[in-house]
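Here the structure comes first, spelled out in structure tokens, and everything after it is commentary.
Worth saying up front: this structure is predicted, and the values here are computed from it rather than measured. Note that these values count all heavy atoms, side chains included, but never hydrogens, waters or copies made by symmetry.
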Amino acid sequence: MEYKDFDRMVNEAEGTYTRSYSPSTTLPVLMRKVYTWMALALVITGITAYGVATTPSLIMAIANNSILFWGLVIAEFGLVIGISNMIHKLSLTTATLLFILYSVINGATLSFIFLLYTMSSISTVFFITAGTFAVMALIGYTTKIDLSKMGNILYMVLIGILIATAVNIFVHSSGFQLIISYVGVLVFVGLTAYDTQKIKLMLNEQSSANESAQKLALLGALSLYLDFVNLFIYLLRIFGDRR
């Protein structure tokens with residue numbers, strides 16, 4: 001997808017084109033861009049995941065080639081780190097294309113869920129995730145409580161989850177995996193509220209919806225996209241019906 005087509009979809013969905021706004025109207029415009037970019041990225045990921053899962057040659061290539069699989073995983077981490085750390089140096093076009101690329105690669109690695117879980121449970125968990133995400137995002141956007149301390153704690157717990165997950169690769173404990181999944185749900189439920197508040201405060205400082213502000217909105221979309229996807233994965237591990 002060309003950037004101009006992607007940006008046109010964003011603007012059409014919002015009913016507005018890039019221009020300067022007063023501070024009172026800039027925040028809603030940028031927040032709409034955040035959620036529009038996030039939603040489009042989720043759509044791209046979902047379509048890619050289903051397409052790979054229903055194409056035997058592709059799914060077998062990823063499943064049987066460990067180099068390819070881990071290459072995709074490493075590429076995901078590299079793109080997230082690259083976009084996050086270089087957002088101010090990248091053009092909006094480049095940042096958007098990298099976000100799209102990340103969404104596609106993430107869809108390829110997530111394609112295995114269609115082989116492990118029933119379609120009905122995937123759909124059910126997706127709607128549970130969407131409802132939970134919406135509630136927590138609303139809380140994060142409207143609350144007057146400073147969530148920064150909570151966010152710092154949650155990120156420390158997230159590091160613990162990553163370490164525990166790595167350990168469980170060798171332990172292979174289903175009970176331990178279930179505990180990790182429940183903790184993961186709590187962490188990403190909290191991070192959804194925290195990240196929403198952080199994004200709101202960051203975008204509220206922008207005086208216009210210029211390219212610099214839109215790049216920050218894109219970075220915010222990436223953060224919430226990651227929260228949504230991880231929340232979905234942990235909920236699926238708890239409530240998903242395996243084939």
Any donor and acceptor pair, going by atom type alone, linking the side chain of [X] with main-chain N or O of [Y] inside 3.5 Å?
| X | Y | value |
| --- | --- | --- |
| Asn65 | Ala61 | no |
| Lys215 | His88 | yes |
| Thr196 | Tyr141 | no |
| Thr143 | Ile145 | yes |
| Asn168 | Val171 | no |

Residues Ile62, Leu58; criterion side chain to side chain contact (heavy atoms under 4.5 Å, CB included); working and verdict
CA-CA 6 Å; Ile62 297 174; Leu58 291 178; 5.5 Å; no
Least distance between heavy atoms, [X] atom then [Y] atom:
| X | Y | value |
| --- | --- | --- |
| Val80 | Ser84 | O-OG, 2.7 Å |
| Ile113 | Ile122 | O-CD1, 3.5 Å |
| Ser103 | Thr45 | O-OG1, 3.0 Å |
| Ser111 | Ile59 | OG-CD1, 3.3 Å |
| Trp37 | Ala217 | CZ3-CB, 3.9 Å |
| Tyr102 | Leu226 | OH-CD2, 3.1 Å |

Roughly how far, to the nearest 0.5 Å, is the [atom2] atom of [Y] from the [atom1] atom of [X]?
| X | Y | atom1 | atom2 | value |
| --- | --- | --- | --- | --- |
| Thr129 | Leu231 | OG1 | CG | 5.0 Å |
| Phe176 | Ile180 | CZ | CD1 | 4.0 Å |
| Phe232 | Leu42 | CZ | CG | 10.0 Å |
| Phe99 | Ile44 | CZ | CD1 | 8.0 Å |
| Glu211 | Leu216 | CD | CG | 11.0 Å |
| Thr192 | Gln197 | OG1 | CD | 13.0 Å |

Testing the 3.5 Å rule here: is there a donor-acceptor pair between the side chains of [X] and [Y]?
| X | Y | result |
| --- | --- | --- |
| Glu76 | Thr109 | yes |
| Asp146 | Ser148 | yes |
| Thr124 | Ser121 | no |
| Ser91 | Thr94 | yes |

Residue pair Tyr117, Val125: steps toward the side chain to side chain contact (heavy atoms under 4.5 Å, CB included) verdict:
CA-CA 11 Å; Tyr117 299 94; Val125 172; over 6 Å; no
Should [X] and [Y] be counted in the same cluster of Ile, Leu, Val, Met, Phe, Trp and Tyr side chains packed under 4.5 Å apart?
| X | Y | value |
| --- | --- | --- |
| Leu201 | Leu138 | no |
| Leu116 | Val229 | yes |
| Ile105 | Phe77 | yes |
| Ile163 | Ile233 | no |
| Met136 | Ile238 | yes |

I need the full list of salt bridge (Lys or Arg N to Asp or Glu O under 4.0 Å) pairs touching residues 191-206, with sequence neighbours left out, sorted by first then second residue.
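Listed once each, the pairs are Asp195-Lys198.
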My understanding is that only residues two or more places apart in sequence, or in another chain, count here; which of them pass ring-ring contact (aromatic ring centres under 6.0 Å, His included) with Phe126?
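By the ring-ring contact (aromatic ring centres under 6.0 Å, His included) rule, Phe126 matches Phe228.
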Take Phe112 and Val52, measure what side chain to side chain contact (heavy atoms under 4.5 Å, CB included) needs, and give me the verdict at the end.
CA-CA 9 Å; Phe112 291 97; Val52 171; over 6 Å; no
Give the intermediate values and the outcome of side chain to side chain contact (heavy atoms under 4.5 Å, CB included) for residues Ile159 and Tyr155.
CA-CA 6 Å; Ile159 293 174; Tyr155 276 116; 5.9 Å; no
Are the side chains of [X] and [Y] in touch, meaning some heavy atoms are under 4.5 Å apart?
| X | Y | answer |
| --- | --- | --- |
| Phe133 | Leu224 | yes |
| Thr26 | Ser207 | no |
| Ile199 | Met31 | yes |
| Tyr194 | Lys149 | no |
| Tyr234 | Val183 | no |

Aromatic ring pairing Phe114/Tyr50, orientation class (parallel under 30°, perpendicular over 60°, tilted between)
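Geometry flag for Tyr50 against Phe114: perpendicular rings.
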Assess whether side-chain hydrogen bond (donor to acceptor under 3.5 Å, both in side chains) is satisfied between Ser212 and Asn210, documenting all intermediate values.
CA-CA 6 Å; Ser212 178; Asn210 55 24; 4.7 Å; no
Pick one: which of Asn106, Leu40, Val34 meets side chain to side chain contact (heavy atoms under 4.5 Å, CB included) with Tyr225?
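Between Tyr225 and the candidates, side chain to side chain contact (heavy atoms under 4.5 Å, CB included) is satisfied uniquely by Asn106.
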